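Atom set for the values below is all heavy atoms of this structure, side chains included, hydrogens, waters and symmetry mates excluded. Nothing here was measured: the structure is a model prediction, and the numbers come from that model.
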Amino acid sequence: MQIIIVGCGKMGSALAVQLAAEGHRVSVIDQNEAVIEQISNTQDVIAYAGNGAVYSVLESVGARDADLMLAVTQSDELNLLACLIAHKIGAKHTVARVRNPEYAEHMYELKDDLGLSMTINPDRQAAEEIARILRFPAATHVELFAGGHAELVSSKLPEKSVLNGIPLYELPQKLGVKVLICAVERNGEYTIPDGSFVLQGGDTLYVTGAPREVARALRKAGVLANPIRNVIIGGGGRISYYLAQELLRSNLSVKIVERSKDSASRMAELLPGAVVLNGDVTDHELLQEEGIDGADAFVALTGLDEGNILSALYAKHRGVSKVIAKVNNDSLESLVKSTDLDSIISPKRVAANQLLRYVRARDASANHGEIRGLYKIANGQIEVLEFLASPENTTLLEIPLRDLRTKTHILIACIVRNGKTIIPGGADCIKAGDVVLVVTEKSGMNDLGDIMEDAR
């Protein structure tokens, strides 16, 4: 695909690197000449210094023949204008990053007028992911597949778990439920395990299956925590606003601590069901006065990564059972993994992953592929792909899985058929119309047939 990216910040750069690596023809536009020079020297992309919302600039980079344009600058207005102009020039599809809640509320009505294929709101998506994690307190990450019929949950295995020292082939007997451990992280190394893999306490497990079965499996494994009832949120920005909305709709108690007096007042007006305090979330005395010791969860969402990490570590020290910190800096993220923090959230990565899923699905559709979604797990090192099996896949349909010659490092994790979730065994087969989840360490798969050893 020919793809134009307007905005070469953290998200734009990450998208350019990944999409170029997947073989797309990528052009990037940014007004910062130093940024353009840096990405031009290090990545296989065409880089332009200029304003991506100017007709002549977009025309010169090939918007007329572009399959897709992604506008991901810091300015909502610039993103929307760039998409409108690119659409008028002839770009087939456009996607804009829109963060302002007032704009986001009206995007559905204005989408056609602006020529938008999709809008993306990193703050709302980050909030939705945090809300999913809080509904499943033992998890560090929760992802839904196949319209919610399948779930992937990552969680750390306790040292005293009944699964400690157990090979995976004994898992059904030990748990009495049908789930699949499709990836394991141990000491910073990620693997797609086979049946002989022996679990150890401290492993981070990536478990997939029907939502009810996953919950039962984690409960029996001793990793299911008590439900969350009250949450303290540090920071009063957009993510906090969206998250508080979600939590209040679920009848949870929400308390927000915001340093700026004006921002705190605005949050109090927008969220009458929440308690909003004007204060510094890194002030330990304030947190103690406001009941940090009795909180079920603490979420650090200020604009400062270091402050989020420190306040989250303090909350963990005070015994808060579920702690989440927003961390945008990749170098700090690797440092956080060596601490006791339960979960970290990167809005940039959440949004970038959704855009990558959209691009892969659009690319596969153009090439008559069957990909419905792409999900990156295990710090981006492993992909989970959601395919719709078509009747054309004659080389693998109606054949027992044990007889398929699949490539190495590929796992068929789950099959959803007529709303029923199947954890497949060797005797199971894929049928036309099935939704199939494939876990792989490789990138670039666009078709279900790509799992086969002799795939074209």
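Between the side chain of Ser161 and the backbone N or O of Leu157 there is no donor-acceptor pair closer than 3.5 Å. Between the side chain of Glu258 and the backbone N or O of Ser260 there is at least one donor-acceptor pair closer than 3.5 Å. When atom types are taken as modelled, the side chain of Thr282 and the backbone of Gly307 share no donor-acceptor pair closer than 3.5 angstrom. A donor-acceptor contact shorter than 3.5 Å is absent between the side chain of Ser117 and the backbone of Val95. In this structure a side-chain-to-backbone donor-acceptor pair under 3.5 Å is present from Thr421 to His149. Judged purely by atom type and a 3.5 angstrom limit, Asp67 uses its side chain to pair as donor or acceptor with the backbone of Gln2. Between the side chain of Asp30 and the main chain of Gly7, no donor-acceptor pair closer than 3.5 Å is present. Listed for the Asn79 side chain is no donor-acceptor partner under 3.5 Å among the backbone atoms of Ala96. With hydrogens and angles ignored, the 3.5 Å screen pairs a side-chain donor or acceptor of Thr208 with a backbone N or O of Glu151. For Asn164 (side chain) and Gly201 (main-chain N/O), a donor-acceptor pair under 3.5 Å exists by modelled atom type.
Within the model, atoms CZ of Arg97 and CG of Leu355 stand 9.5 Å from one another, a figure rounded to the nearest 0.5 Å. The distance from atom CD of Glu383 to atom CG of Leu356, rounded to the nearest 0.5 Å, is 8.5 Å. Of the inter-residue distances, the one linking Leu205 atom CG with Ser154 atom OG reads 9.0 Å to the nearest 0.5 angstrom. Considering CG of Leu199 and CD1 of Ile181, their distance stands at 4.5 Å, rounded to 0.5 Å. Atoms OH and CG, on Tyr48 and Asn51 in that order, are 15.5 Å from each other to the nearest 0.5 Å. Rounding to the nearest 0.5 angstrom, the gap separating the OG atom in Ser60 from the CD1 atom in Ile29 is 7.0 Å.
For the pair Leu301/Leu243, a side-chain contact is recorded, criterion being any heavy-atom separation below 4.5 Å from C-beta on. In this structure the side chain of Leu70 never reaches within 4.5 angstrom of the side chain of Val6, judged on heavy atoms. In this structure, the side chains of Val299 and Val323 stay at 4.5 Å or more apart for every pair of heavy atoms. Counting heavy atoms from C-beta on, the side chains of Tyr358 and Leu68 come closer than 4.5 Å. Tyr314 is not listed as a side-chain neighbour of Phe298, based on a closest heavy-atom distance of 4.5 Å or more. For the pair Val28/Ile36, a side-chain contact is recorded, criterion being any heavy-atom separation below 4.5 Å from C-beta on. Within the 4.5 Å cutoff, the side chain of Asp450 has no heavy atoms near those of the Phe387 side chain. At least one side-chain heavy atom of Ile412 sits under 4.5 Å from a side-chain heavy atom of Ile430.
In terms of heavy-atom proximity, Ser346 sits nearest to Val327 at CB-O, 3.5 Å. Nearest approach of Ala86 to Thr94, heavy atoms of both residues: CB-CG2, 4.3 Å. In terms of heavy-atom proximity, Ile382 sits nearest to Ala183 at CD1-CB, 3.8 Å. Scanning both residues, Cys414 and Ile423, for their nearest heavy atoms gives SG-CD1, 4.4 Å. Considering every non-hydrogen atom in both Pro158 and Val223, the closest pair reads CD-CG1, 2.7 Å. Taking every heavy atom of both residues into account, Leu388 and Gly433 meet most closely at CD1-O, 3.5 Å.
Surrounding CG of Asn187 are at most 12 heavy atoms belonging to other residues, nucleotides or ligands under 6.0 Å away. Heavy atoms of other residues, nucleotides or ligands lying less than 6.0 angstrom from CD of Glu59 number more than 12. Heavy-atom neighbours of Glu37 CD from other residues, nucleotides or ligands within 6.0 Å: at or below the threshold of 12. Residue Arg238 places its CZ atom among more than 12 non-hydrogen atoms of other residues, nucleotides or ligands, all under 6.0 Å distant. With a 6.0 Å radius and a threshold of 12 heavy atoms from other residues, nucleotides or ligands, Asp44 has its CG atom at or below the threshold.
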Would you please test Leu218 and Val153 for side-chain contact (heavy atoms from CB on, under 4.5 Å) and show each step?
CA-CA 9 Å; Leu218 293 180; Val153 175; 3.8 Å; yes
For Glu189 and Glu185, what are the C-alpha separation, side-chain angles and deciding distance, and is it a side-chain contact (heavy atoms from CB on, under 4.5 Å)?
CA-CA 5 Å; Glu189 298 290 328; Glu185 184 264 323; over 6 Å; no
From CA spacing to verdict: side-chain contact (heavy atoms from CB on, under 4.5 Å), Val98, Ile120
CA-CA 6 Å; Val98 180; Ile120 186 165; over 6 Å; no
Show your reasoning for whether side-chain contact (heavy atoms from CB on, under 4.5 Å) applies to Val384 and Glu143.
CA-CA 10 Å; Val384 183; Glu143 196 73 68; over 6 Å; no
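Here Asp434 pairs with Arg417 under the salt bridge (charged side-chain N to carboxylate O under 4.0 Å, His left out) rule; sequence neighbours left out.
Note on Arg99 versus Asp76: no salt bridge recorded, every NZ/NE/NH1/NH2 to OD/OE distance being 4.0 Å or above. With respect to the salt-bridge test (charged N to carboxylate O, under 4.0 angstrom), the residues Glu246 and Arg249 qualify. Between Glu129 and Arg124 no salt bridge is recorded (no basic side-chain N to carboxylate O distance below 4.0 Å).
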